[in-house]
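Only heavy atoms go into these numbers, but all of them, side chains included; no hydrogens, no water, no symmetry mates. If you're wondering where the values come from, they're calculated on a predicted model, not measured in any experiment.
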Number of protein chains: 4
Amino acid sequence: MILADQPTPTPEAAPTAGTAAAPAEPAKRGRRADAERNRAAILEAAGAVFAEQGGAVDVREIARRSGVGMGTLYRHFPTKDDLLITVLGQQFDAWLNDAHEQASATEDPWQALTGFFEQILTTQSRNRAVVESYTATGGPTSSCTQRCYSFIDDLRTRCMDAGLLRPDVTTADLVLLSSSLSQAVLTTGDTLPGQWRRVLRISLDGLSSRNTEPLPEPEPGA
Amino acid sequence: MILADQPTPTPEAAPTAGTAAAPAEPAKRGRRADAERNRAAILEAAGAVFAEQGGAVDVREIARRSGVGMGTLYRHFPTKDDLLITVLGQQFDAWLNDAHEQASATEDPWQALTGFFEQILTTQSRNRAVVESYTATGGPTSSCTQRCYSFIDDLRTRCMDAGLLRPDVTTADLVLLSSSLSQAVLTTGDTLPGQWRRVLRISLDGLSSRNTEPLPEPEPGA
Amino acid sequence: MILADQPTPTPEAAPTAGTAAAPAEPAKRGRRADAERNRAAILEAAGAVFAEQGGAVDVREIARRSGVGMGTLYRHFPTKDDLLITVLGQQFDAWLNDAHEQASATEDPWQALTGFFEQILTTQSRNRAVVESYTATGGPTSSCTQRCYSFIDDLRTRCMDAGLLRPDVTTADLVLLSSSLSQAVLTTGDTLPGQWRRVLRISLDGLSSRNTEPLPEPEPGA
Amino acid sequence: MILADQPTPTPEAAPTAGTAAAPAEPAKRGRRADAERNRAAILEAAGAVFAEQGGAVDVREIARRSGVGMGTLYRHFPTKDDLLITVLGQQFDAWLNDAHEQASATEDPWQALTGFFEQILTTQSRNRAVVESYTATGGPTSSCTQRCYSFIDDLRTRCMDAGLLRPDVTTADLVLLSSSLSQAVLTTGDTLPGQWRRVLRISLDGLSSRNTEPLPEPEPGA
DNA sequence: GATGAATGAGATTTCATTCAT
DNA sequence: CATGAATGAAATCTCATTCAT
């Protein structure tokens, strides 16, 4: 497994094996506890607010909801954008961890791939800002992007080895497909919940090895 | 043809046969002509600016680029949103006319459908505000949405009649597919030009009647 | 006279011969009247506030005192610093015009020089920010500085020709002396008004040709 | 000597004979030593920062440069102003001690006076906060001011007794002269180094008894 | 005592919209 | 009608001071 050894790059999200290590550094962590709690509160509030109202909300709303002052917020995230990026990256990360876990537990490669798409879309259907931001920033942190890439590549290889996937499908294709579907979720959000599952099914069917015609090569120029 | 009889719902976009009427009321139209020119300039500038920078731009930028004062802009469009909606509707309209024309000229139903997707992705997905609007409101004006719906429904029927389309694909499915791909293109547009054609191909293959399994029914609740 | 032909470089301060021309350009000046009035009000209020309280005041105080909104203030002066610099430059300018006029009207060269120093110090004794800023910004606009330089050079030449001034006194010496005395005025401001006149007298006496020893050459390095 | 008996009014600045007392109370002083070191570090850093950037700097900058936390800084100096005043007073004090020492070692009264001015301009005028303080408060602490006054008065008396000084020059005149020249040096410091020596010379020449005309009496009013 | 994060009242700046000319 | 300055309510950001650890 490619991603198995680096599941959580952010310090506060390291529950797998680091729980015993945390109390090992009490002196240095002196004040960190409170700060970390605030940071978490901010991120949570920001996550909720961004999810509900998108990225154009008043920063004070986030400060209010997280119970911290403006100064605290700006200490942790010197800019509204910093906050947004961090929130996105974190949610992305959490989701990726879930996805990874679920995929590992699934025997059938095709079902693992299917489950992956199901999960990403289910998760993001609840979060407006996450998807909005793909358009604005081109996705979260590059580190997240890379982990995601590796993970999807893994799924692809499994399916390919089992002869289930169209032979010339690349990882980039799958990434783009997932981001495209993400936005389908937003489009139908409240009005047509569940509609996106149909489009997902269509796309997945288009990925199966039953489709034999080669995909168009992207023009090398530009 | 479904859309043929209502090509341009907005008043200023009916140049085909109305040009002779203008000189009929010269004195009063002297002013009107000027106003019309301004309105056109505003719409053009707004179109460009919204496409480049999305719907969150400063109104001044539009006023500047169109060469009119703020007052003039607000005389024509009482609200920034009015302007945005009008621009969107107009562009949508123009695009729909093109799409319609192109589809009419294409014999093969499947190719008509394919061409439609090609066109929407080529044309609209570079336009930030258009894509934003998919997420925000589910499409521009409702009248546009309806025309679009009718048009796509027409394409769907042609393909269905020819037995080329998966039997339970709905018009809503096709609409959703197109909007989701639009946003994917915007995301990857600059970094991976042409990549989207591969994903489009995958999705289209998933639409073909060769895929026989039924699509999932959206849950009736909500 | 060096400065005679360019007494007022700023547009609104051109009363000498342009009074007849003002009504000649009504169309273009359409809205300018109000804007100019506002600009003047802002500058006046800012001048007063800066003079009273120094450069660290709240901008809103200035907005309030001038009766304009924050937006108006920031339309005219995009930055607090812009406002400060403009105010300073303008006051400097006004003062320089007065000084020039007065010097022209004075026959005796030495008395012209004396009067110049008297005037600059009298004026600035009422304005805290003007002098503060010399320290911070190194003086107002360079154009003002240049005019000032020219003017002082003129005074110096007159005195030198009359044999009243120490032979190796340069214009730079006089400029530095005046700025030094400016700050003496501030230092004694409220507590010892008039005290600065004694120091002024001392310095002027040091300038007279009765002092024959050469002044030290500034080291050429650095 | 007037100033000899009260060289260091602040407690921590009495190292001359008090060093032996420190080891006398070791246990309690263990902590105190640390605190003292911190206090010194803060004062040093504050001195540097205030000198460089003036009194408007962020307190954090001082904390950072001194290597202590904000809490420690505020334990020693309950207010930014307290810190500033202490720093100023201390620097002023050190300078005054030097000045006193130097003056004592100089036989010629006029040269003592000249040396005093040389020294103040060389030392203090590079220090932004010190110079600022002349304008703001009329000098650092009042105790410093008094010592300074006494010292200058002493110099004045020596010169006066020797018949070298203009008869009606007061101590206040000399104080004002020094502070005004300080600020002039700060203004021109970087651009015209050394220029101030010429102006100093001019002013000193104006102080000499060769100038016989009486100085103007400050108006008694206000 | 020391630490540095938290606080929150300001300060600055932006921008959709209105309105005098 | 056109103009673009005016408006002022947000929004973002700073910093002296406090306080939990």
Atom-pair distance ([atom1] on [X]; [atom2] on [N]), nearest Å:
X       : N      : atom1 : atom2 : value
D:Arg37 : E:dG1  : CZ    : P     : 14 Å
D:Arg39 : E:dG1  : CZ    : P     : 14 Å
A:Arg60 : E:dT7  : CZ    : C1'   : 16 Å
A:Leu84 : F:dT12 : CG    : C1'   : 15 Å
B:Phe77 : E:dT18 : CZ    : C1'   : 18 Å
C:Glu61 : E:dG10 : CD    : P     : 14 Å
A:Leu83 : F:dT12 : CG    : P     : 10 Å
B:Asp58 : F:dA11 : CG    : C1'   : 14 Å

query = How many angstroms lie between CZ in B:Arg128 and CD in B:Gln53, if you round to the nearest 0.5 Å?
reply = 9.5 Å
ask   = When rounded to the nearest 0.5 angstrom, what is the spacing between CD1 in D:Ile62 and CZ in D:Phe77?
value = 10.0 Å
inquiry  = Donor-acceptor pair, distance only, cut-off 3.5 Å: does the side chain of D:Lys80 make one with the backbone of D:Asp58?
reply    = no
request  = Using modelled atom types only, decide if a donor and an acceptor are shared between the side chain of D:Thr72 and the backbone of D:Val68 within a distance under 3.5 Å.
outcome  = no
Proximity to DNA chain E (any heavy atom under 4.0 Å), residues of residues 62-75 of chain B only = B:Met70, B:Gly71, B:Tyr74
query = What is the minimum heavy-atom distance between D:Arg65 and D:Ala48, and which atoms define it?
reply = NH2-CB, 3.7 Å
request  = Identify the heavy atoms of B:Ile42 and B:Ser66 that sit nearest to each other, and give their distance.
outcome  = CA-CB, 3.6 Å
ask   = For B:Ala56 and C:Pro78, take the nucleotide of DNA chain E holding the closest heavy atom to each; which residue's nucleotide lies nearer the 5' end?
value = C:Pro78
query = Under 4.0 Å: is that the gap between some side-chain N or O of B:Asn38 and OP1 or OP2 of F:dA2?
reply = yes
request  = Ignoring backbone atoms, establish whether A:His76 has a side-chain N or O less than 4.0 Å from OP1 or OP2 of E:dA6.
outcome  = yes
inquiry  = Between D:Glu44 and D:Arg39 (salt bridge meaning N to carboxylate O under 4.0 Å), is one present in this structure?
reply    = no
note = Taking a pair to mean Watson-Crick or G-U wobble geometry with both distances below 3.5 Å, F:dA9 pairs with E:dT14
key: Counter-base of E:dA2, judged by Watson-Crick or G-U geometry with both distances under 3.5 Å   = F:dT21
